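Have a look at the structure below, then the notes.
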Amino acid sequence: MDGLLLATLEDGPRHGYAVKEALYQSTAGRLDLPTGTVYPALHRLEQAGLINGSWSVVDGRRRRTYQLTPQGRTALTQARANWREFAEVITSALRSTPWPVTS
């Protein structure tokens, strides 16, 4: 999930709910994470130094906005590489080629 959340911040800063909505939109509604999952993950990513958070007031309401740090960009690049490798392995295993017979 970390890579997914980092990817939502790649284009620029977003507040927590906008991160959740960006993920929802980018997956055509197939990933609709609960806020109780997103916010703790954002806090964990911030503590790990992968994102920075800052407070602002919009329409009288306080919002925490998050953005990637240089370490976060590196982590996102690595998450993408890891996912590609994982997907290649699974794709290879699921090909329609028959499995070798063992006896």
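Remember, predicted model here, so these are calculated numbers, not experimental data.
For the side-chain contact (heavy atoms from CB on, under 4.5 Å) with Leu68, the lone residue among Thr74, Ile51, Asp11 that qualifies is Ile51.
Separating the CD atom in Gln47 from the CG atom in Leu42 is a distance of 11.5 Å, to the nearest 0.5 Å. To the nearest 0.5 Å, atoms OH (Tyr66) and OG1 (Thr8) are separated by 11.5 Å. The NZ atom of Lys20 sits 10.5 Å away from the CD atom of Gln25 when rounded to the nearest 0.5 Å. One distance of note links CE of Met1 with CG of Leu4; it measures 8.5 Å at 0.5 Å rounding. Residue Gln71 holds its CD atom at 8.5 Å from CG of Asn52, rounded to the nearest 0.5 Å. Note that CG of Leu6 and CZ of Arg73 are 10.0 Å apart. Values are rounded to the nearest 0.5 Å.
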Practice problem: Mind running side-chain contact (heavy atoms from CB on, under 4.5 Å) on Leu9 and Gln67 for me, showing each step along the way? | Solution: CA-CA 6 Å; Leu9 297 170; Gln67 64 182 16; 5.9 Å; no
Exercise. Quick one: do Val19 and Leu23 satisfy side-chain contact (heavy atoms from CB on, under 4.5 Å)? Show the steps, please.
Key: CA-CA 6 Å; Val19 167; Leu23 186 56; 5.9 Å; no
Quiz item: Given the rule in the salt bridge (charged side-chain N to carboxylate O under 4.0 Å, His left out) test, do Glu85 and Arg80 qualify, once you have shown the distances and angles that lead to the verdict?
Solution: CA-CA 9 Å; Glu85 181 180 353; Arg80 284 181 170 143; over 6 Å; no
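Taking both residues in full, the closest heavy atoms of Val38 and Gly16 are given as CG1-O, 4.3 Å, listed atom of the first, atom of the second, then distance. Nearest heavy-atom pair, Ala75 versus Leu50, reported as atom, atom and distance to 0.1 Å: CB-CD2, 4.0 Å. Nearest heavy atoms, Gly3 versus Ala79: CA-CB, 4.0 Å.
Hydrophobic clustering (side-chain heavy atoms under 4.5 Å, transitive across Ile, Leu, Val, Met, Phe, Trp, Tyr) keeps Tyr24 apart from Leu31. Note: the hydrophobic cluster containing Val89 does not contain Leu94 (ILVMFWY, side chain heavy atoms under 4.5 Å, direct or indirect links). Two different hydrophobic clusters hold Leu76 and Trp83 under the rule that ILVMFWY side chains link at heavy-atom gaps under 4.5 Å.
A donor-acceptor pair under 3.5 Å is absent between the side-chain atoms of Thr65 and the main chain of Pro13, judged by distance alone. The main-chain N or O of Leu33 is never found under 3.5 Å from a side-chain atom of Thr37 such that the two would form a donor-acceptor pair.
By the 30° and 60° cut-offs, the orientation of the rings of Tyr17 relative to His15 is parallel.
The pair Arg64-Glu46 meets the salt-bridge criterion, since a charged nitrogen lies less than 4.0 angstrom from a carboxylate oxygen.
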